[in-house]
Amino acid sequence: MPADPDCIFCKILQGEIPSTRIAETERAIAFMDINPGTAGHALVIPREHSTDLLDIPAEDLHACTDLAREIAARAKDRLGADGVNLLNCCGEDAWQSVFHFHLHVIPRYKDQPDKDDLRLPWVPTPGDMDDIRATGEKLA
Ligand code: 5GP
Ligand code: ZN
């Protein structure tokens, strides 16, 4: 899909909005998130505009995943991250606020609350096994 004139990430790609670019490949680029969840929070996007996970062509998704892995490795090597979360929000009700596909690459730091005070957004609690099986059957 060509660039969307109303899309802030397309504007970042075209240099109309400044960004701190950290990596680029033929199909994807990575840049720093301006509202970092932890130290080193980066975003990986395809060069071609796609709205979300369900819309992005496989080649672009692969390119973004590969580049996100590269940034994750750099976060461990160069920032001393202890781990990394990859996050994708698909849809407004799943926290998506920019509708150009992106992967969040979120470095994680053990016992360093100045760099990382994230918490799991749900409380792991055993579910009802009948419900789990019935829902799994719908997805199988
Ligand atoms: P979403 O909420 O869609 O999963 O993530 C969108 C991300 O884009 C947010 O983390 C937000 O901080 C980031 N973001 C929004 N506008 C800009 C911008 O102009 N520049 C950069 N670098 N990041 C942005
Ligand atoms: Zn776009």
Side-chain angles (χ1 to χ4, degrees):
M1 192 188 287
D4 176 341
D6 299 324
C7 171
I8 56 171
F9 287 177
C10 284
K11 289 184 175 147
I12 282 176
L13 275 156
Q14 288 163 347
E16 289 173 35
I17 294 177
S19 69
T20 303
R21 200 176 283 210
I22 57 174
E24 47 194 311
T25 65
E26 194 184 330
R27 284 184 174 271
I29 71 162
F31 56 97
M32 303 304 285
D33 195 304
I34 52 168
N35 302 296
T38 67
H41 182 170
L43 299 169
V44 175
I45 67 173
R47 288 185 188 274
E48 295 285 320
H49 180 93
S50 287
T51 304
D52 61 25
L53 178 66
L54 299 178
D55 174 45
I56 185 171
E59 297 87 343
D60 283 348
L61 180 60
H62 294 167
C64 288
T65 307
D66 283 348
L67 187 53
R69 180 163 66 169
E70 163 65 22
I71 304 305
R74 290 187 197 176
K76 291 197 79 175
D77 290 349
R78 304 184 194 179
L79 305 182
D82 298 300
V84 179
N85 287 120
L86 287 192
L87 173 69
N88 169 252
C89 302
C90 181
E92 194 172 354
D93 291 327
W95 305 334
Q96 187 173 5
S97 63
V98 176
F99 291 85
H100 180 130
F101 175 86
H102 50 282
L103 292 174
H104 295 260
V105 183
I106 305 174
R108 303 303 309 275
Y109 306 88
K110 184 177 163 64
D111 299 331
Q112 295 186 72
D114 54 321
K115 290 184 176 177
D116 179 345
D117 63 357
L118 295 189
R119 296 283 173 276
L120 203 60
W122 69 92
V123 179
T125 308
D128 179 278
M129 283 313 299
D130 290 337
D131 281 351
I132 291 169
R133 268 191 290 273
T135 308
E137 278 165 19
K138 290 183 191 168
L139 291 171

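Whatever order the structure lists ligands and atoms in, that order sets their numbers, starting from 1.
For Phe9, every heavy-atom contact with ligand 1 shorter than 4.0 Å involves the side chain, none the backbone. Here His104 has side-chain heavy atoms under 4.0 Å from ligand 1, and that is the only part of it that gets that close. Counting heavy atoms under 4.0 Å from ligand 1, residue Ile8 touches it through the side chain alone. Proximity of Leu87 to ligand 1, defined as any heavy-atom pair under 4.0 Å, is not found for any part of the residue.
Inclusion of Ser19 in the set of residues having an N or O under 3.5 Å from an N or O of ligand 1 is not warranted.
Counting atoms of ligand 1 from 1 in the listed order, those under 4.0 Å from a heavy atom of Val98 are 3 (O), 6 (C). Which parts of ligand 1 touch Gln96 is read off a 4.0 Å heavy-atom cut-off, strictly below it: atoms 3 (O). For ligand 1, the atoms lying closer than 4.0 Å to a non-hydrogen atom of Asn35 are 11 (C), 12 (O). For ligand 1, the atoms sitting less than 4.0 Å from at least one non-hydrogen atom of Phe31 are 21 (C), 22 (N), numbered in the order shown with element in parentheses.
Residue-ligand proximity: Phe99 is placed with every non-hydrogen atom at 4.0 Å or more from ligand 1.
When the N, O or S atoms of His100 are ranked by distance to the Zn ion (ligand 2), ND1 comes first. Residue His49 approaches the Zn ion (ligand 2) most closely through its N/O/S atom ND1.
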